[in-house]
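Structure record follows, encoded as structure tokens.
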Amino acid sequence: MSTELRLGVNVDHVATIRNARGGGHPDPVRAALAAAQAGADSIVAHLREDRRHVSDDDLVRLMEALDLPLTLEMAATDEMLDIALRHRPETVCIVPERREERTTEGGLDVAAGHNHLVRFVDALSESRVIVAMFIEPEPRQLDASRSIGVPAVELHTGAYCEAVIAGNDALAAQELERIAEAARYGAEIGMEIHAGHGLTFDTVGPVAAIEEIVELNIGHFLIGEAIFGGLESAIIRMRSLMDLARAEAAGSVSA
Ligand code: PXP
């Protein structure tokens, strides 16, 4: 059983709040530094085509200020590829993007977009950027991701989290099982497994307990929770819930 479980903190929504007024406050770079201080293993930022949260300048400043690895989430477009190759973050996570969506609503259809994606994966890999695909927890998406040579996938946990919020226990259990099965299958075919989207204090435990998952990426809930108790305490609590769930699943802590 893998005990490693990294936490990537997504700072997009610090920028969303800043952008509501313009100016420089609150600064996502300051939040990233606070996240590092609180125990984040990496920082995540999604540079969208419409720049609705982090900006190009934020990306430059994050790259300069951070000692932690940065994961850049981006759509598979030529503009984003140029930016990624210029900055060379540690990881690029390729996500689907639609202007009208409020957040990344589903996983990337790697199986259908195979031909389009190969060129992005090749160019980034040649520049020694780790490439991950943000996918639905489905074997065919894992197979397709592997076939184009990406070393990692991030499994979309949104449907599971929504089912928990809706109080639909049967659906939540089914969605969680889909994630667990995909994680097992992905690890079996040699992929590194990440997961994220919509995770909260209430939903993180069962996902963290899935032993094949080595990284969780969490943003909106942590930034929202920071309003009430500060970003550092939100991250520390999230970390400890993750670690506890992982330790319990490994049998090293009695529940
Ligand atoms: N992972 C990916 C690929 C995402 O696109 C997002 C949302 O930007 C997240 C994780 C984090 O989701 P949330 O903000 O709901 O925690």
Side-chain angles (χ1 to χ4, degrees), residues 8 10-13 15-16 28 42-60 62-63 69-159 179 182-183 186 189-198 215-220:
N10 182 316
V11 295
D12 287 346
H13 295 297
T16 310
S42 60
I43 300 300
V44 187
H46 183 177
L47 188 68
R48 277 184 174 263
E49 185 200 6
D50 63 8
R51 309 301 197 265
R52 74 175 72 157
H53 26 68
V54 295
S55 65
D56 299 68
D57 179 55
D58 291 331
L59 183 59
V60 172
L62 281 167
M63 288 294 298
L70 180 77
T71 296
L72 172 65
E73 294 177 359
M74 59 170 235
T77 65
D78 286 327
E79 182 200 14
M80 289 301 150
L81 182 61
D82 283 351
I83 292 171
L85 292 175
R86 204 157 57 241
H87 294 294
R88 296 182 48 216
E90 163 122 340
T91 303
V92 159
C93 182
I94 301 186
V95 302
E97 202 173 295
R98 284 184 296 122
R99 257 181 187 262
E100 65 277 15
E101 70 189 356
R102 265 196 287 182
T103 179
T104 314
E105 278 165 6
L108 192 65
D109 192 349
V110 184
H114 192 281
N115 294 343
H116 171 70
L117 293 167
V118 169
R119 159 172 92 79
F120 290 85
V121 175
D122 288 351
L124 289 163
S125 305
E126 269 164 33
S127 286
R128 295 203 165 72
V129 175
I130 300 165
V131 186
M133 295 281 159
F134 187 43
I135 59 168
E136 291 299 319
E138 291 168 5
R140 70 189 189 101
Q141 299 298 348
L142 284 149
D143 286 335
S145 300
R146 180 166 177 255
S147 77
I148 55 173
V150 299
V153 289
E154 181 167 332
L155 303 176
H156 200 308
T157 53
I179 296 166
I189 62 172
M191 309 209 69
E192 182 171 297
I193 311 295
H194 309 168
H197 207 280
E215 179 177 301
L216 297 181
N217 291 309
I218 309 180
H220 182 268

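What's counted below: heavy atoms across the whole structure, side chains too, no hydrogens, waters or symmetry copies. The structure displayed is predicted, hence computed values, not measured ones.
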Salt bridge (Lys or Arg N to Asp or Glu O under 4.0 Å) involving [X] - partner list, sequence neighbours excluded:
{"X": "D12", "answer": "none"}
{"X": "E90", "answer": "none"}
{"X": "R119", "answer": "D78"}

So, taking the atom named [atom1] in [X] and the one named [atom2] in [Y], what distance separates them when rounded to the nearest 0.5 Å?
{"X": "T91", "Y": "N217", "atom1": "OG1", "atom2": "CG", "answer": "9.0 Å"}
{"X": "H220", "Y": "H53", "atom1": "NE2", "atom2": "NE2", "answer": "10.0 Å"}
{"X": "L117", "Y": "I148", "atom1": "CG", "atom2": "CD1", "answer": "5.0 Å"}
{"X": "R86", "Y": "L81", "atom1": "CZ", "atom2": "CG", "answer": "10.5 Å"}
{"X": "N10", "Y": "H46", "atom1": "CG", "atom2": "NE2", "answer": "9.0 Å"}
{"X": "S42", "Y": "E215", "atom1": "OG", "atom2": "CD", "answer": "4.5 Å"}

Are [X] and [Y] packed together at the side-chain level, in the sense that at least one heavy-atom pair is separated by less than 4.5 angstrom?
{"X": "P151", "Y": "E192", "answer": "no"}
{"X": "T71", "Y": "V92", "answer": "no"}
{"X": "M74", "Y": "I83", "answer": "no"}
{"X": "V54", "Y": "L59", "answer": "no"}

Original post:
CZ of R51: more than 12 outside heavy atoms within 6.0 angstrom?
Top reply: yes
For the backbone of [Y] and the side chain of [X], can you confirm whether one donor and one acceptor N or O come within less than 3.5 Å of each other?
{"X": "E97", "Y": "E49", "value": "yes"}
{"X": "H156", "Y": "H197", "value": "no"}
{"X": "H116", "Y": "A76", "value": "yes"}

Considering non-hydrogen atoms only, spot the tightest contact between [X] and [Y] and give its length.
{"X": "L70", "Y": "M63", "answer": "CD2-SD, 3.6 Å"}
{"X": "A15", "Y": "D58", "answer": "CB-OD2, 4.3 Å"}
{"X": "L62", "Y": "A45", "answer": "CD1-CB, 4.1 Å"}
{"X": "P89", "Y": "L72", "answer": "CG-CB, 3.8 Å"}

Subject >> ring-ring contact (aromatic ring centres under 6.0 Å, His included) involving H87 - partner list, sequence neighbours excluded >> reply: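 Here no residue qualifies.
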Just distance, no hydrogens or angles: give the donor-acceptor pairs under 3.5 Å from side chains in residues 130-146, sequence neighbours left out.
from, atom 1, to, atom 2, distance (Å)
E136, OE2, G107, N, 2.7
Q141, OE1, V110, N, 2.8
Q141, OE1, A111, N, 3.0
Q141, NE2, D109, OD1, 2.9
D143, OD1, Y185, OH, 2.5
D143, OD2, Y185, OH, 3.3
S145, OG, Q141, O, 2.7
R146, NE, I189, O, 2.9

Subject >> Working for salt bridge (charged side-chain N to carboxylate O under 4.0 Å, His left out), residues D50 and R48 >> reply: CA-CA 5 Å; D50 63 8; R48 277 184 174 263; 5.2 Å; no
Subject >> Listed once per pair and sorted, the salt bridge (Lys or Arg N to Asp or Glu O under 4.0 Å) pairs that draw on residues 121-134, sequence neighbours left out >> reply: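 Pairs touching residues 121-134 that pass the test: none.
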